[in-house]
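Here's the structure, in structure tokens; my notes come after.
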2 protein chains.
Amino acid sequence: MPPSQSPARLDSAEERRTRILDAAEACFVRHGFHRATMHDVAAEAGMSPGNLYRYFRSKDAIVAGLAERDRAAVAEDFSGIEAAPDLMQAFTGLARRHLAEAPAEKAVLCLEMWAEATRNPAMAAICRDFEREIAGRLTSLYRLAQDRADPPKAGADPEALARLAMVMADGIMVRRALSPDFATGPVIDAMLTLVGAALDGRFDPTTTPESDR
Amino acid sequence: MPPSQSPARLDSAEERRTRILDAAEACFVRHGFHRATMHDVAAEAGMSPGNLYRYFRSKDAIVAGLAERDRAAVAEDFSGIEAAPDLMQAFTGLARRHLAEAPAEKAVLCLEMWAEATRNPAMAAICRDFEREIAGRLTSLYRLAQDRADPPKAGADPEALARLAMVMADGIMVRRALSPDFATGPVIDAMLTLVGAALDGRFDPTTTPESDR
DNA sequence: GTGTAGAGAATGAACGTTCATTCTCGGAAA
DNA sequence: TTTCCGAGAATGAACGTTCATTCTCTACAC
């Protein structure tokens with residue numbers, strides 16, 4: 001007589017949710033949130049349409065669940081960054097992993113989520129929280145890197161620099177989504193060079209531009 | 001005996017097309033391409049749904065027409081740039097006009113168009129052409145600016161720099177669409193500073209980053 | 001037997017598009 | 001001036017389709 005509920009059951013229910021989310025991701029990348037049908041998702045997940053509703057209340061819930069999952073995965077990857085031995089190397093790895101090595105489908109999904117966020121408050125909240133978390137992590141990473149330098153350098157403002165890096169990252173996402181063969185390497189390198197130089201004061205992008213003087 | 005067809009007629013037909021496009025723009029910003037209905041557009045334009053089809057073959061045609069119109073307007077604004085007396089000042093004005101002063105709704109529409117472009121070949125073509133045109137103009141602008149400098153400077157590669165600037169512009173668009181109160185000023189300034197410094201060799205973002213050495 | 005998982009047909013609302021009909025108005029006829 | 005005509009502009013109800021969601025029924029586990 002097994003005293004606990006079958007863990008296999010619970011496991012498989014959770015597995016089924018992720019299977020549905022995986023299927024939804026594929027469909028949403030192919031057709032977008034609004035043109036992908038529940039039939040498409042069901043077929044991709046290898047089950048009937050009705051059965052989807054045993055695991056998600058609605059189509060919107062699937063969309064939100066998917067966004068939440070991806071957001072959490074990326075945030076997780078950023079989470080321990082302040083503990084890295086070489087901060088800038090860790091940052092470089094993070095940038096390459098998410099902006100170059102990640103499948104281009106992620107960029108498409110990202111665009112889709114952004115577009116949805118402009119009019120769906122739930123999605124807007126997810127995007128906002130995500131952006132805040134990453135901004136916070138990058139800011140403290142940069143601040144830490146400045147403090148740890150041999151003679152502590154006071155270059156550009158870490159917060160402004162984090163905003164700048166994120167804007168560049170967003171731009172890279174757009175380009176990847178639009179032309180899958182876009183060479184992200186040079187642009188990522190430019191971002192890394194810029195951040196590195198700005199952090200230790202060799203070049204400050206937060207001054208007023210020449211053409212205004 | 002009137003030799004030509006009534007020009008008043010033609011004029012008003014053209015006006016009606018732009019009225020429909022204006023209405024569609026408002027609706028698409030509010031609800032997105034796929035959630036905005038033809039009834040919405042018709043109501044916004046102050047006419048009946050059926051009448052829309054006298055001016056556009058289909059909903060898709062309206063979407064394409066709108067994208068085409070906006071693309072052309074921006075391209076037009078970039079068109080004479082090589083002729084400006086102060087090239088960098090002209091570039092600064094262009095950047096401010098399109099990335100800061102333009103209404104935030106344009107950014108939302110832009111996101112919508114990008115998302116659509118990932119799966120609609122017609123929209124993809126429009127975006128691709130637009131991007132090529134702007135890239136070309138920026139490249140030759142930068143090249144010209146280098147050549148014209150007092151002792152001609154050979155800084156970063158103009159083409160790579162144009163790509164970089166466009167990626168940053170795309171990122172700014174994303175941020176504006178997502179949080180309408182985002183302060184674009186500092187980021188635009190950073191872009192201008194960066195381009196200025198890169199053009200005359202004070203700082204080269206196209207070198208391999210420090211963290212790789 | 002009882003409860004859970006699943007399938008797949010059914011439902012009903014929403015949407016793009018069509019079309020028969022009405023409206024508007026400039027100009028010819030009287 | 002008044003009346004009538006015709007053509008294009010516009011209307012809005014209706015149609016066929018699509019799609020999210022619900023319902024009903026079967027099969028298996030315990």
Side-chain angles (χ1 to χ4, degrees), chain A residues 1-28 30-66 112 116 119-120 122-123, chain B residues 1-24 27-28 30-66 112 116 119-120 122-123:
Chain A
M1 156 218 180
S4 68
Q5 311 161 303
S6 157
R9 262 298 140 75
L10 291 179
D11 256 346
S12 84
E14 199 48 43
E15 269 168 25
R16 217 144 300 154
R17 276 181 63 96
T18 76
R19 181 144 60 93
I20 292 173
L21 288 185
D22 289 344
E25 180 162 341
C27 291
F28 291 160
R30 259 201 301 281
H31 301 116
F33 288 155
H34 297 301
R35 284 239 243 251
T37 72
M38 292 297 265
H39 275 79
D40 293 339
V41 176
E44 181 85 24
M47 61 179 70
S48 65
N51 201 33
L52 294 177
Y53 289 85
R54 297 186 61 79
Y55 299 93
F56 291 93
R57 200 193 335 236
S58 67
K59 189 184 182 184
D60 274 356
I62 295 183
V63 169
L66 185 56
E112 197 70 30
E116 181 70 9
R119 66 190 79 91
N120 176 340
M123 184 64 81
Chain B
M1 153 224 183
S4 68
Q5 309 162 308
S6 158
R9 264 296 141 72
L10 292 178
D11 255 345
S12 83
E14 199 48 45
E15 269 168 25
R16 218 145 298 154
R17 276 181 64 97
T18 77
R19 181 143 60 92
I20 292 173
L21 288 184
D22 289 344
C27 291
F28 291 161
R30 260 202 302 280
H31 301 116
F33 289 154
H34 298 301
R35 285 237 240 252
T37 72
M38 291 298 265
H39 278 78
D40 293 340
V41 176
E44 181 85 22
M47 62 179 68
S48 64
N51 200 33
L52 295 178
Y53 290 85
R54 294 186 57 80
Y55 300 93
F56 292 93
R57 201 194 333 237
S58 66
K59 189 184 182 185
D60 274 355
I62 294 184
V63 169
L66 185 55
E112 197 69 30
E116 181 71 8
R119 67 189 79 90
N120 177 340
M123 184 65 80

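On a predicted model such as this, the values are computed, not experimentally measured, just so you know. Proteins get letters first, then strands, A, B, ... in listed order; numbering begins at 1 in each.
- Remark: M47(A) CE to R54(A) CZ distance equals 10.5 Å, nearest 0.5 Å.
- Proximity of S48(A) to the phosphate of dA7(C): a side-chain N or O atom is located under 4.0 Å from OP1 or OP2.
- Scanning both residues, H31(A) and A36(A), for their nearest heavy atoms gives CB-N, 3.8 Å.
- Side-chain atoms of K59(A) come within 3.5 Å of backbone N or O of F33(A) as a donor-acceptor pair.
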- [ ] For nucleotides 12-22 of chain C, just jot down a letter per nucleotide in 5' to 3' order: B, S or -, based on protein non-hydrogen atoms under 4.0 Å.
- [x] ---SSBBB---

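- The CD atom of E15(A) sits 15 Å away from the C1' atom of dA5(C) (whole-angstrom rounding).
- For the helix from dG1(C)-dC30(D) to dA30(C)-dT1(D), the terminal axes (five pairs an end, C1' atoms, rotation from four pairs onto the next four) enclose an angle of 20°, given to 10 degrees.
- A close approach under 4.0 Å does occur between a side-chain nitrogen or oxygen of Y55(A) and OP1 or OP2 of dG6(C).
- In this structure, H34(A) and E116(A) have side chains that are in contact, with non-hydrogen atoms separated by less than 4.5 Å.
- Legend: ring pair (Phe, Tyr, Trp, His ring centres under 6.0 Å) pairs involving residues 40-64 of chain B, not counting sequence neighbours: none detected.
- Shown here for M38(A) and I62(A), the closest heavy-atom pair between the two residues is CE-CD1, 4.0 Å.
- Side-chain N or O atoms of E25(A) include none that pairs as donor or acceptor with a backbone N or O of L66(A) at under 3.5 Å.
- Nearest heavy atoms, E44(B) versus C27(B): CB-SG, 3.9 Å.
- The side chain of M47(B) lies closest to dT11(D), out of dA10(D), dG6(C), dT11(D).
- F56(A) comes within 4.0 angstrom of no nucleic acid atom, judged by non-hydrogen atoms across all strands.
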